[in-house]
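Only this structure's heavy atoms are used, side chains among them; waters, hydrogens and symmetry mates stay out. What you see is a predicted model; the values in this text were computed from it and never measured.
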Amino acid sequence: MARKDEIAAVLREQIKRLGADLEMEEVGVVVEVGDGIARVWGLRSAVASELLQFPGDVYGLVLDLQEDSVGVALLGRDEAIKEGDEVRRTGRVLQTPVGEGFLGRVVDPLGRPLDGGPEIEPAGWRKTDEKAPGVIARQPVDTPLQTGIKCIDALTPIGRGQRELIIGDRRTGKTAIAVDTIINQKGQGVYCIYVAIGQKSATIAKVVDAFKRYGAMEYTTVVAAAAEDPAPLQYIAPYAGCAMGEYFRDKGQDALIVYDDLSKHAVAYREISLLLRRPPGREAYPGDIFYTHSRLLERAARLSDEHGGGSLTALPIVETKAGDITAYIPTNLISITDGQIYLEADLFNKGQRPAMNVGLSVSRVGGAAQIPAMKEVAGQLRLELAQYRDLAAFAEFAQELDEASQAQLARGERVMEMLKQPQYQPMPVEEQVAALYVAVSGYLDDIPVEAVSMFEQRFLAYLKEEHREVLEELARERHMTERVRAGLEAAAKAFKESFRA
């Protein structure tokens, strides 16, 4: 009897200690898979933008909620996934790893290294599709973000927190402007994110090589979703890059993000939407394509001082076909952004680099994002170029022009020549002001057009050697003071006397 009691007591004790915590888990089943999209049955509680876990450590993003199933975009290869596979909810929305550890690295939109380096330990995680800051959390854009490119800093200035669209046909130098702008941020305290969407791997490698050559990689993160990557990865790439930039913005620092390019992003989203059987709209894009881009670009902002005063500046790139800026995606992006830099194929083919069309390019922030010295020179420059454009159009039909018109045309040609700039050679703003001041003040009027570039190079070298104090005062004061003006005049006169083309 004692033996039975002992056994019963032991069993009771074992039952008490049995920690059988039951865990409810909602499991779905793959009913259809292909082209990076899976349809899953049985996940009645799944929510939009939730992450689901598939076999083989592949994750998917819920993008479509039907009555009896959910449409999921797979963030990885779909070869190992088949019908009947179990799918589990994670209960969390898509997040991006962020932190200083990503600087100098090439990663995919999920934060995984692509450069062969070690795994990156994130400083934290942010929602990939974060809500943009409201109006109250922002402050006006009034601090310049220097691109180092004369025609942009003078005519379409970019401020910290602005969204400036770079638009043009393929092979007109859109990426070149973005790359030069990132190179010019060296020593400026601006962290950069370059997002490559749907580009060839060779093209991305070339950009990364340029960053390394010019010392820009140490403050830059490259987020790459190449052409061979699944459409869902291309779709989330700009949002992931933006989350990485917002990490710096919300710490009170300045960041710059380049989306290269949103035309391919729109195509990737269109592909996903059509596979999810959403009703197509204009040019087969889904009805929410505008919202897709607006909620991304609205995240660029300059926060108020109460929120840390940080900024995120966006340079989205969009490709046009045959110069048609009235197409669906370009017009959408023009209406969302604070201005555009329009690059023209004809100008590019004529050797005008950057090939910026001064008439169609605009910055809606204007002179607020320029130093006072540049604002003064740029006002005169705009006037010269406007008169030159009108006269050049008229001169095509006129037989003879009076002397004043001929002089105006000659100066306009030289000013246009002065606006040319080689790639990978961004200029400090004080040198830009000095060069443009000489152009609009008439010192180039009797210099042959083909000698203008040589004149500029030698004049700036002469200024650095013989009149360094003028450049230093211009950089320090940022105003065209009487002493700076007198110094530039004296230097220009003295140099011109000795200049021989």
Side-chain angles (χ1 to χ4, degrees), residues 30-40 48-54 56-66 69-82 85 87 93-96 106-112 114 128-129 170 194-204 222-243 259-297 316-319 328-329 332-333:
V30 176
V31 292
E32 189 183 345
V33 64
D35 297 316
I37 300 292
R39 192 154 288 283
V40 179
S49 296
E50 184 180 353
L51 272 184
L52 303 181
Q53 188 169 14
F54 288 78
D57 205 28
V58 174
Y59 285 88
L61 186 65
V62 176
L63 288 180
D64 196 42
L65 299 173
Q66 299 287 341
S69 64
V70 292
V72 185
L74 297 171
L75 304 174
R77 300 288 173 188
D78 61 8
E79 287 88 352
I81 299 167
K82 58 188 184 302
D85 280 349
V87 183
V93 294
L94 185 62
Q95 291 185 308
T96 298
V106 183
V107 297
D108 74 358
L110 300 175
R112 299 174 300 202
L114 297 174
T128 304
D129 203 351
R170 64 185 299 274
Y194 176 82
V195 185
I197 310 158
Q199 306 283 341
K200 289 184 291 190
S201 296
T203 307
I204 299 170
V222 176
V223 180
E228 65 268 22
D229 287 330
L233 276 181
Q234 294 181 39
Y235 165 63
I236 67 164
Y239 298 99
C242 192
Y259 303 114
D260 191 6
D261 65 58
L262 291 186
S263 309
K264 293 184 177 69
H265 179 251
V267 168
Y269 186 55
R270 175 171 66 182
E271 182 183 326
I272 293 168
S273 298
L274 291 172
L275 288 165
L276 289 169
R277 299 192 181 90
R278 288 183 180 167
R282 180 175 160 189
E283 292 180 29
Y285 288 105
D288 64 341
I289 189 69
F290 183 93
Y291 175 61
T292 301
H293 285 151
S294 66
R295 77 174 189 266
L296 170 69
L297 293 170
I317 295 175
V318 67
E319 188 179 292
Y328 189 29
I329 302 301
N332 276 356
L333 289 164

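- Note on Glu32 versus Arg277: salt bridge recorded, some NZ/NE/NH1/NH2 to OD/OE distance being below 4.0 Å.
- Looking at Val30 and Val87, their side chains come closer than 4.5 Å, going by heavy atoms from C-beta outward.
- Of the N and O atoms on the side chains of Gln199 and Asp260, at least one donor lies less than 3.5 Å from an acceptor on the other residue.
- In this structure, CD in Glu319 is found 5.5 Å from OG in Ser263, a value given to the nearest 0.5 Å.
- A heavy-atom distance below 4.5 Å is found between the side chains of Leu94 and Ile236.
- Looking at every heavy atom in both residues, Leu276 comes nearest to Val72 through CD2-N, 4.3 Å.
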Report task. Report the C-alpha separation of Asp261 and Val318 in whole Å, then their side-chain angles, then the decisive distance to 0.1 Å, and conclude whether the side chain to side chain contact (heavy atoms under 4.5 Å, CB included) test is met. Result -> CA-CA 6 Å; Asp261 65 58; Val318 67; 5.8 Å; no

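- Within a 6.0 Å radius of CZ in Arg282, more than 12 heavy atoms belonging to other residues, nucleotides or ligands are found.
- When side chains are defined from C-beta on, Val222 does not count as touching Val195, because their heavy atoms never get closer than 4.5 Å.
- Side chain of Arg270 to main chain of Glu283: a donor-acceptor pair is present (N/O by atom type, distance under 3.5 Å, no hydrogens or angles).
- Expressed to the nearest 0.5 Å, how far CG of Leu233 lies from CG of Leu110 amounts to 5.5 Å.
- Side-chain contact between Val223 and Tyr194 is absent, with no heavy atoms from C-beta onward closer than 4.5 Å.
- Here the straight-line distance linking atom CG of Leu75 with atom CZ of Phe54 works out to 9.5 Å at 0.5 Å rounding.
- Residues Thr128 and Gln95 bring no donor and acceptor atom of their side chains to less than 3.5 Å of each other.
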**Report entry** Working for side chain to side chain contact (heavy atoms under 4.5 Å, CB included), residues Ile329 and Tyr285
**Finding:** CA-CA 9 Å; Ile329 302 301; Tyr285 288 105; 3.8 Å; yes

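- A distance-only check finds a donor-acceptor pair linking the side chain of Asp108 to the backbone of Gly111 [under 3.5 Å].
- Nearest heavy atoms, Ala266 versus His293: CB-CE1, 3.8 Å.
- We find the CD1-NZ distance between Ile204 and Lys200 to be 11.0 Å, quoted to the nearest 0.5 Å.
- Interatomic distance, Thr292 OG1 to Asp288 CG, rounded to the nearest 0.5 Å: 4.0 Å.
- Considering every non-hydrogen atom in both Leu61 and Ser49, the closest pair reads CD1-O, 3.4 Å.
- Applying the 6.0 Å contact sphere to CG of Asp35 captures no more than 12 heavy atoms from other residues, nucleotides or ligands.
- What you find for Pro230 and Leu74 is that their closest heavy atoms are CB-O, 4.5 Å.
- The shortest side-chain heavy-atom distance between Val70 and Gln66 does not fall under the 4.5 Å cut-off.
- Minimum heavy-atom separation, Ala73 to Leu63: CB-CD1, 3.7 Å.
- Classification of the His265-Tyr235 ring pair by plane angle, with boundaries at 30° and 60°, yields parallel.
- Remark: Ile289 CD1 to Ser294 OG distance equals 10.0 Å, nearest 0.5 Å.
- One finds a salt bridge joining Arg39 and Asp64 here, because a Lys/Arg side-chain nitrogen approaches an Asp/Glu carboxylate oxygen to under 4.0 Å.
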Requested in this report: Tell me, with the steps shown, if Leu52 and Tyr59 meet side chain to side chain contact (heavy atoms under 4.5 Å, CB included).
Outcome: CA-CA 6 Å; Leu52 303 181; Tyr59 285 88; over 6 Å; no

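- Residues Gln234 and Ala226 come closest through the heavy atom pair NE2-O, 3.4 Å.
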Requested in this report: Any chance you could lay out the side chain to side chain contact (heavy atoms under 4.5 Å, CB included) test for Val40 and Val31, step after step, and finish with the verdict?
Outcome: CA-CA 6 Å; Val40 179; Val31 292; over 6 Å; no

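- Within the 4.5 Å cutoff, no side-chain heavy atoms of Ile317 are placed close to those of Tyr259.
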